[in-house]
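Okay, structure first, notes after.
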Amino acid sequence: MDYANKTGGSAQKKKSFAGNKAALIFFLLTVPTLLLYIVFFLLPLGMGAYYSMTDWDGFSLSYRFVGFKNYIDILQDNRFLHSVRFTFLYATIVVVLKLFIALVLAIFLSGKLKLRGFFRSVYFFPAVLSMITVGLIFNQIFYSVFPSIGQALGIDWLSRNILGNKSTAIYGIALTNIWHGIATPMVIFIAGLASVPKDLKEASLIDGATPLQRFFSVTIPFLIPMLTVNLVMAIKGTLTVFDYIVAMTDGGPAFATESMGFLIYKHGMAEMKFGYGTAEAIYVFVMIAIISFIQIKILNRKEAGQL
Amino acid sequence: MRSNKLVQIGSYTFLFIGMLFVLAPLYLTLTIAMKTPQETAESFFALPTRLYFGNFIEVINKANFYTFVTNSVYVTAISILLMLLLIPMVSYAISRNLNKRYYKLLYLLVLSGIFVPFQAIMLPIYRHMSNLKMLNQTGLIIMYVTLSFAQGIFLCVGFLKNVPLELDEASNIDGSGVWRTFISIIYPLMMPIIATVLILNSLWIWNDFQLPLIILNRHPDFWTLPLFIYNFKSEYASNYNLAFAGFFISMLPIIILYGFTQKHIIGGLTEGAIK
């Protein structure tokens, strides 16, 4: 509602003064945000779209405009296509396992237990650590601690660093992400479980529903909004994976663990393919925007159905 | 009754085993950090034979550890201060003028930022900040504030929709203008959502690695803790004990903070996600 109009009736004596002045002040409140948003968000976004059509290496004084050449080349670039496959495979592994374990833990942590608060704070703790530190710690653990167990027990596959192998490195990174990332979806599931009304549970108990029946018909409907929120966050987080890669494999061995975000960084900052990297970034942007958009559409429908 | 007891015992067993998985990496970090290389060579898992803080002291002395902590605190605190002023301000203006085209457009424009992953603008931001001579902490702070708008404004406008307009009206009758109303009536009412914005963004900025990597990596004097720990890794790759001491010490501030404010942190993260 318009501030000046709404208050006009009761503040007659100051009407015109308050009206224009109020409108001006409201506008001024938005100015710092608007300026920052244009200069430091929209402008870089536009710059990216422009650079993506050049062959700029990132520091030369001159560069050429090449139109859509980068975009076409990227579609035939095995390194980029591999990074897309890697990222989506990684996202699938992590999202499925993370949300499943988070849900199981949430169910256990919602039971009537004396030490519930204690367990919750322990299980949540990893969420406050930084991805880079967790990545580096697990990197060291994979590099030195696991192999030492493997050697002591004479287990061959455990004696080697799984991050050093092209086909197993992805699981090492996924495991790290799961260890670190379970906490947030877990507390969100706990909030969902707490939102199930008590009388509904009691009613189903009286009706003689088994615990499993009760879970599917009473609890699940209340968990669906939480599941959608967790899916949105987990998918976006894994499709943009970067810190763990830098900390644990640096894209290796032999480019096997290059995620999309990591490849953009490599091309733009280290391999002097700045224009090319920004074009890759635009592809990633479009992919993630479409996925988030679809998810939010579904989320809204689900919530509407809920109410 | 008996089946209830069984459920209890089962739950406790499950949760205790799970807890070991959660705590094992932290146990390893702390114990390896407190051992000498000889002790580590004997066993990674044994407790240290004595309380040995040499590794920590070496990390603190060799690296400019205090500088990095100060940098992290500085960047986080200033960014948060600016966010907690700007976001409620613009959210108030938007929520009270959503019938006007300018405010509606601004709201949609800012919200659409949610769809843009950071990596889409990572390279141009580096270029842009370098052109503006802002590859420093000021540039980093500006980027944090700008990138916090989408989520922060979404949360605050959503909150303000439930703050009745009668409050504005009453305050206006009392002779207060928009600014006075905002500062003395609306802002205090927004405290719950401001706390959520504070917690979400503090954790993000404190732990963020990508933006500092792009903007600050060239000048060691500017490094924040995540950048320090990343660069530290290459320097001490051969000495596990020192490396783990570095990891532990860089986690220490947030561990202490978590100890005191865990309820708020958990609540804040949940609120921010569900809204």
Side-chain angles (χ1 to χ4, degrees), chain A residues 1-3 6-7 10-11 22 25-26 29-30 32-34 36-37 40-41 44-45 47-48 51 108 111 113 119 121-126 128-133 136-137 140-141 144-145 148 184 187-188 191 229 233 240 242-243 261 264-265 268 274 277-278 281 284-285 288-289 292-293, chain B residues 11 14-15 18-19 22 25 28-29 44 86 89-90 92-93 96-97 99 106 110 113 115-125 127-128 142-143 145-146 149 165 168-169 172-173 177-179 203 207 209-210 226 229-230 233 240 243-244 247 250-251 254 258 262 265-266 269-270 273-274:
Chain A
M1 227 192 214
D2 183 276
Y3 191 88
K6 186 170 57 60
T7 53
S10 39
I25 292 174
F26 270 132
L29 291 183
T30 66
T33 303
L34 182 69
L36 285 172
Y37 199 71
F40 294 100
F41 188 79
L45 204 57
M47 287 167 73
Y51 287 131
F108 275 99
L113 295 173
F119 279 124
S121 19
V122 171
Y123 278 101
F124 186 77
F125 172 66
V128 300
L129 304 176
S130 73
M131 291 194 268
I132 191 80
T133 312
L136 290 170
I137 289 175
Q140 283 289 351
I141 289 176
S144 51
V145 178
S148 89
T184 314
V187 291
I188 291 168
V229 170
M233 297 207 314
T240 56
F242 180 85
D243 298 21
I264 293 169
Y265 173 78
F274 193 87
T278 49
V284 172
F285 164 39
I288 291 180
S292 327
F293 189 74
Chain B
S11 300
F14 176 80
L15 289 173
M19 198 172 79
V22 174
L28 283 170
T29 307
F44 275 109
L86 294 183
M89 245 167 66
V90 67
Y92 179 53
R96 294 306 186 242
N97 293 283
N99 59 334
L106 178 67
V110 174
F115 294 110
V116 183
F118 172 70
Q119 285 142 9
I121 51 170
M122 171 166 69
L123 297 180
I125 280 177
R127 203 61 255 159
H128 192 42
I142 289 178
M143 282 317 305
V145 174
T146 308
F149 285 153
L165 285 166
D168 304 39
E169 236 164 287
N172 196 265
I173 293 166
V178 174
W179 178 250
L203 261 187
N207 285 333
F209 170 66
Q210 294 188 47
I229 203 66
Y230 165 68
K233 151 209 165 187
Y240 309 135
F244 278 104
F247 301 150
S250 78
M251 295 192 291
I254 198 86
Y258 181 67
Q262 41 172 302
I265 293 181
I266 297 178
L269 287 183
T270 322
I274 292 173

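For the numbers below, each heavy atom of this structure counts, side chains included, while hydrogens, waters and symmetry mates do not. Numbers restart at 1 for each chain; the letters A, B, ... are given by sequence-line order, proteins then strands.
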Between A/Ile188, A/Leu136, A/Leu34, the one whose heavy-atom pairs under 4.5 Å with chain B are most numerous: A/Leu136
Heavy-atom pairs under 4.5 Å with chain A, option from B/Ala120, B/Gly113, B/Pro226, B/Pro25 with the top count: B/Pro25
Which atom of A/Gly261 lies closest to which atom of B/Met122, heavy atoms considered: O-CE, 3.8 Å
Proximal component of B/Ile142, with respect to chain A [non-hydrogen, under 4.5 Å]: side chain
Portion of B/Phe149 that has a non-hydrogen atom of chain A nearer than 4.5 angstrom: side chain
CG on B/Asn97 to CZ on A/Phe26, rounded to 0.5 Å: 5.0 Å
Non-hydrogen side-chain atoms of A/Phe41 and B/Val110 separated by less than 4.5 Å: no
Heavy-atom closest pair, residues B/Met89 and A/Pro32: CE-CG, 4.1 Å
Under 4.5 Å from any heavy atom of chain A - which part of B/Leu86: both
Pair A/Phe40-B/His128, side chain to side chain contact (heavy atoms under 4.5 Å, CB included): steps then yes or no: CA-CA 8 Å; A/Phe40 294 100; B/His128 192 42; 4.3 Å; yes
Region of B/Thr29 that comes under 4.5 Å of a non-hydrogen atom in chain A: side chain
Chi angles and distances behind the side chain to side chain contact (heavy atoms under 4.5 Å, CB included) call for B/Leu15, A/Leu113: CA-CA 11 Å; B/Leu15 289 173; A/Leu113 295 173; 3.5 Å; yes
Side chain / backbone / both / neither for A/Tyr51 at chain B, heavy atoms under 4.5 Å: side chain
Residue part contacting chain A, namely of B/Phe244, when any heavy atom lies under 4.5 Å: side chain
Per-residue contact mode, B/Met19 against chain A (heavy atom under 4.5 angstrom): both
Close side-chain approach of A/Met131 and B/Asn207, heavy atoms under 4.5 Å: no
Closest heavy-atom pair and its distance - B/Pro124, A/Gly48: CG-CA, 3.7 Å
Taking every non-hydrogen atom, the tightest pair across B/Ala93 and A/Leu29: CB-CB, 4.0 Å
Which atom of B/Phe209 lies closest to which atom of A/Phe242, heavy atoms considered: CE2-CE2, 4.1 Å
A/Thr240 portion near chain B, given a 4.5 angstrom heavy-atom threshold: both
Separation of A/Phe125 CZ from B/Ile265 CD1 (nearest 0.5 Å): 10.0 Å
Ring-ring centroid check A/Phe285 B/Phe115, cutoff 6.0 Å: no
A/Ala289 portion near chain B, given a 4.5 angstrom heavy-atom threshold: both
Under 4.5 Å from any heavy atom of chain B - which part of A/Tyr37: both
Distance, nearest 0.5 Å, that separates CZ of A/Phe124 from CD of B/Gln262: 9.5 Å
Which of B/Phe14, B/Phe118, B/Trp179, B/Tyr230 touches chain A most, by non-hydrogen pairs under 4.5 Å: B/Phe14
Side chain proximity check, B/Met251 to A/Ile137, heavy atoms < 4.5 angstrom: yes
Backbone of A/Ser121 reached by a side-chain donor or acceptor of B/Tyr258 within 3.5 Å: yes
Toward chain A, the part of B/Phe247 with a non-hydrogen atom under 4.5 Å: both
Engaged part of B/Ile229 at the chain A interface, taking heavy atoms whose separation is under 4.5 Å: both
Proximity breakdown for B/Leu28 and chain A, heavy-atom pairs closer than 4.5 Å: side chain
Heavy-atom pair count under 4.5 Å with chain B, highest-scoring of A/Asp243, A/Val128, A/Thr278: A/Val128
Choice from A/Thr184, A/Ile141, A/Val284, A/Ile264 maximising heavy atom contacts with chain B below 4.5 Å: A/Ile264
Spacing of A/Met47 atom CE and B/Ile121 atom CD1 [to the nearest 0.5 Å]: 11.0 Å
